[in-house]
Every structure is written in structure tokens, then in C-alpha cells.
Novice: 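The structure follows.
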Amino acid sequence: MDKKRVVITGLGAVSAIGIGKDEFWKNLIVGKSGITDVELFDTTNFTVHKAGEVKNFNVQDFIPKNRLKGIARASQFAIAAAKMAIDEAKLKTDDMDRSNMGAIIGTTMADIQSLEQIDKYWVRSGEDDIWPINVVKYPSNSLSDHMGCFFGLRGPNYVIPTACAAGNYSIGYAFDLIREGKVGAMLAGGADPFSRITFTGFNRLYAMAPDRCQPFDKNRKGMMIGEGAGMLVLEDLDLARKRDADIYAEILGYGLSCDAHHMTSPKVEGIIKVMEKAIVNSGVRKEDVGYISAHGTGTPANDKAECEAIKKVFGGMVKNIPVSSIKSMLGHTMGAASAIEAIVCCLVIKKSRIPPTINFETPDPECDIDCVPNVCMEKEVKLALNNSLAFGGNNACLVLGKI
């Protein structure tokens, strides 16, 4: 049986620099930073006090009040992003075969804030003070469950928890399901909330910068924690054309790899492998790659390893390939990161503009790539790679092309 071609027809973003694709892109392309003082909890006892929190998010713009019970922050983000993506794709769920569409979402922490509330009340007053609703909110599977129930989708429904590469994993699996003809459309992406647990964990790893994220800069000091969601509508090309849908990009393939090396340190060989597998699986040429959305966390180890891998894969061609990191603006949104960055790749291909890596001041000889420093670039891009490198060495690279 011939493989189906898979395209992206709808985008939804919830981020520290904008809610909705248009506001997000407008702020991204001018290099606006979403890093602000933490407001969700007191950071007095921490050494770092800034993060990429989502501000001005009114959940009732997306979910009616009478349906909010049991839906925590990550699930709220996911539903909001999915609703925007569905609306933009002009998919009328009332008219479609709901068994022919499903939802796959990636995450690192899921609705972890519910567990934090459970811990808070348990420590304060004992287990009798735990609110039962927080127990219902917490399980990771609730992310895709909520989306399936909210939109009435009866197709495949999964959560993929491969940490900071989970968005790409989810998009890749949704791509497989459509390509094999098992469904006609899928919602895919990632979501993660800002939480005390995440903030504390990375603080204890000494992985966070004090005030700003500076990917590829010689004096980079670490990452910034962020939150948000990115959801995409994936469709069978034939179905999308039949309903005259506006198409952002085609998913040509992806690659996966596992370093099997260390829980937090990246391995160059694993990053090389994931990009090479993505290129081979997609049937494209390295020479045609016009943009790489970097994982680009701003930590000394990650940026050095990723740049070394990119240079080994592309050789002398690397000087002609822009490689930028939007984490310099949003912070690291964990399981949402590569999904939001996939949205960026779609918009780069559609609009022929490449977002900058902001806060870049001092070149690093070990990161001698074109990181699109501080100012966006005008360039037609026909082929983009989206890198994601997670703890545990779980790597995923998505290939998107112009159609």
C-alpha cells in the first residue's frame, strides 16, 4: 500500500511571548524576551528568580467554566493550543468522523502542580487534608484524555513522556499513524506547566542562568525554565486538499536515537545519529536543508555538543545553514519545547523569515555556527530540521518541507 503524505494545517501556541500563533510569531520574530520575575511561587530561597511564565492566560477563553473541574494547568494549555489549531485548520469536528482523528501529546511533568498541592496539604495537615480533585488531576494520561473528551475524538489517544524531546516524538508517532492510513488526522504536540519541582530540580543541577538565556554565546551560564503548549493539526494530504485547507508544511520524516550514555549529559554521537537518521528516513539531501531549529538550551555542555554534531553532519555546508534557538526568548518549555519549535519551522517555511537567537554577545569558537544573532533573517526555506535532545539521551529530529 502506498504511504500517505502528511501535512500540517493548523497551529496553536501558548507561550511566554504570546498566546495564539499570530501574537507568538510577531513577538518571536522581533526577538522579544518572555523571561520575567517568577510570580507563581516565592523564590526567596532560590539562587535564581526568573523564568518564562505564561502571563494573561484566561482559561475561560478556551474552556467553559462548567467544564473546568478536574482540568489542571498543563491540560488547560494543551486544550487551548489544540482549540486554536483546530479553529485555524477550519476543521469542523461536528461534521467529521471523530473515530478518524485522535490526540497524542508529549510532556515532561504533565499536571505536576496537582501533585505539588497534594504534597503541600499532606505536609501541612496530613493526608485527610488532601483535596480529592487534585488526585484526579495528576495522572499524566489526563493530558490526552482531556483533549479526547473535550473535542470528542475517538481515534488513538496517547501521552508520550520522553522529556524535552516529547513534542517531536508525539508528532512523529502521529505522522506514522496517518502515513499508514490508520487515521485521517491527528492533534499532536506537547505541553508542560511551570512548577516548583522543575524549578527546584534544575536549580539543584546548577543548570539555570541567573537572568537570561544565551545559547551559543561564549559566556552562556545555563537555561531558563519556561512553560506552555504547542499543538499542530496533522492531516492526510489528500483529505486536506479535498477540503481546500491551507497547508503550512509537509512532514517528510523523522529520526530517533538514544545515547545510552548519561541521564543529563548529551553525547555528540547520539545527536549525529538522530539527524542522519531523520535525513535518510525523509529521503532528502543535506544540501537542501535551509534551517535548523536547535535544541539550544544555553547550557555549556548542550550547545557545544549540538554544534559539534551539526558541523560533523553538514561539514562545510554549515556556514550556509542558519541555526537558531528560540529558548533564548521563551525559556525551556520542557515537553512543549520541540512542539512549539515545530510550529516555528512551519512558520519559517511559510513566511521566509528566521527568528533570532537573542542575548548573543560573544562568539564561542566551539559554537561557530550562524545562530542568527539578535536580529531575524529573511530567507526562503524549503527544508527545515527540528532538533530535540532530552535527558536520558532521548533524541528526536523532525524534517519539514515546503509543499
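Heavy atoms only: backbone and side chains are in, while hydrogens, waters and symmetry mates are out.
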Novice: Quick check for you: to the nearest 0.5 Å, what is the distance between Thr108 atom OG1 and Ile197 atom CD1?
Specialist: 12.5 Å
Novice: In residues 198-211, what donor-acceptor pairs under 3.5 Å come from side-chain atoms, sequence neighbours left out?
Specialist:
from: Thr198; atom 1: OG1; to: Ser195; atom 2: OG; distance (Å): 2.9
from: Thr200; atom 1: OG1; to: Arg196; atom 2: O; distance (Å): 2.7
from: Asn203; atom 1: OD1; to: Thr47; atom 2: OG1; distance (Å): 3.1

Novice: Just to verify, what does Tyr158 make a ring-ring contact (aromatic ring centres under 6.0 Å, His included) with, not counting sequence neighbours?
Specialist: Tyr173
Novice: In Å, rounded to the nearest 0.5 Å, how long is the span from CD1 of Ile369 to CD1 of Ile292?
Specialist: 8.0 Å
Novice: Ignoring hydrogens and angles, state whether a donor on the side chain of Gln214 or Asn219 is under 3.5 Å from an acceptor on the partner side chain.
Specialist: no
Novice: Throw together a table of side-chain donor-acceptor distances under 3.5 angstrom for residues 273-280, partners on residues two or more places apart or in other chains.
Specialist:
from: Lys277; atom 1: NZ; to: Leu256; atom 2: O; distance (Å): 2.7

Novice: Do Val6 and Leu237 come within less than 4.5 Å of each other through their side chains, counting heavy atoms only?
Specialist: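 They are not in contact (no side-chain heavy atoms under 4.5 Å apart), so the answer is no.
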Novice: State whether a side-chain donor-acceptor pair under 3.5 Å links Tyr254 with Asp176.
Specialist: yes
Novice: Please determine which of Ile271, Asn168, Thr297, Asn394 meets the side-chain contact (heavy atoms from CB on, under 4.5 Å) test together with Leu389.
Specialist: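 That would be Ile271.
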Novice: Under the salt bridge (charged side-chain N to carboxylate O under 4.0 Å, His left out) criterion, do Asp87 and Lys83 qualify, and how do the steps go?
Specialist: CA-CA 6 Å; Asp87 289 347; Lys83 187 175 189 304; 3.2 Å; yes
Novice: Find out whether Phe151 and Met101 are in side-chain contact, i.e. whether some heavy atom of one side chain is under 4.5 Å from a heavy atom of the other.
Specialist: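 No, their side chains stay 4.5 Å or more apart.
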Novice: Glu88: which residues meet the side chain to side chain contact (heavy atoms under 4.5 Å, CB included) condition with it, sequence neighbours left out?
Specialist: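 For Glu88, the residues satisfying side chain to side chain contact (heavy atoms under 4.5 Å, CB included) (neighbours in sequence not counted) are Leu11, Lys21, Tyr248.
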Novice: Within a strict 4.5 Å, meaning less than it, do heavy atoms of the Lys3 and Glu180 side chains meet?
Specialist: yes
Novice: Using side-chain heavy atoms (C-beta onward) and a distance below 4.5 Å, is Arg285 in contact with Leu383?
Specialist: no
Novice: Only counting residues at least two apart or in another chain, list the ones meeting salt bridge (charged side-chain N to carboxylate O under 4.0 Å, His left out) with Lys267.
Specialist: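 For Lys267 there are no salt bridge (charged side-chain N to carboxylate O under 4.0 Å, His left out) partners, ignoring immediate neighbours.
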Novice: Which distance, rounded to the nearest 0.5 Å, do you find between the SG of Cys345 and the CG of Leu232?
Specialist: 10.0 Å
Novice: Thr333 and Asp192: side-chain donor and acceptor closer than 3.5 Å?
Specialist: no
Novice: I'd like to check Met317 versus Lys286 (side-chain heavy atoms, cut-off strictly below 4.5 Å). Are they in contact?
Specialist: yes
Novice: Verify salt bridge (charged side-chain N to carboxylate O under 4.0 Å, His left out) between Asp246 and Lys350, making sure each step is shown before the conclusion.
Specialist: CA-CA 11 Å; Asp246 188 21; Lys350 191 77 169 176; 3.0 Å; yes
Novice: State which residues pass side chain to side chain contact (heavy atoms under 4.5 Å, CB included) with Ala245; sequence neighbours excluded, sorted by chain then number.
Specialist: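 By the side chain to side chain contact (heavy atoms under 4.5 Å, CB included) rule, Ala245 matches Thr9, Glu235, Ala240, Arg243.
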Novice: Quick one, Met84 and Phe62 - any side-chain contact, counting heavy atoms below 4.5 Å?
Specialist: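 They are in side-chain contact.
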Novice: List for me each residue that meets salt bridge (charged side-chain N to carboxylate O under 4.0 Å, His left out) alongside Glu23, sequence neighbours excluded, and say none if there are none.
Specialist: none
Novice: Taking atom types as modelled and ignoring hydrogens, do the side chains of Ser144 and Asn157 form a donor-acceptor contact shorter than 3.5 angstrom?
Specialist: yes
Novice: Give every residue pair that meets the salt bridge (charged side-chain N to carboxylate O under 4.0 Å, His left out) criterion with at least one member in residues 158-173, sequence neighbours excluded.
Specialist: none
Novice: For Asp244, what residues pass the salt bridge (charged side-chain N to carboxylate O under 4.0 Å, His left out) criterion, not counting sequence neighbours?
Specialist: none
Novice: What residue among Lys218, Arg212, Arg220 forms salt bridge (Lys or Arg N to Asp or Glu O under 4.0 Å) with Glu361?
Specialist: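 One option only clears the test, and that one is Arg212.
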Novice: Got a sec, which pairs hit salt bridge (charged side-chain N to carboxylate O under 4.0 Å, His left out) with one end in residues 26-43, sequence neighbours left out?
Specialist: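 Qualifying pairs: Asp37-Lys50, Glu39-Lys55.
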Novice: Looking at residues at least two apart in the chain, or sitting in another chain, which of them share a ring-ring contact (aromatic ring centres under 6.0 Å, His included) with Tyr169?
Specialist: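 Tyr169: no ring-ring contact (aromatic ring centres under 6.0 Å, His included) contacts found.
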Novice: Arg67: what forms a salt bridge (charged side-chain N to carboxylate O under 4.0 Å, His left out) with it, not counting sequence neighbours?
Specialist: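 Salt bridge (charged side-chain N to carboxylate O under 4.0 Å, His left out) list for Arg67, sorted by chain: empty.
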Novice: Would you tell me whether Ser388 and His295 have side-chain atoms, one donor and one acceptor, within less than 3.5 Å of each other?
Specialist: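 Side chains of Ser388 and His295: no pair found under 3.5 Å.
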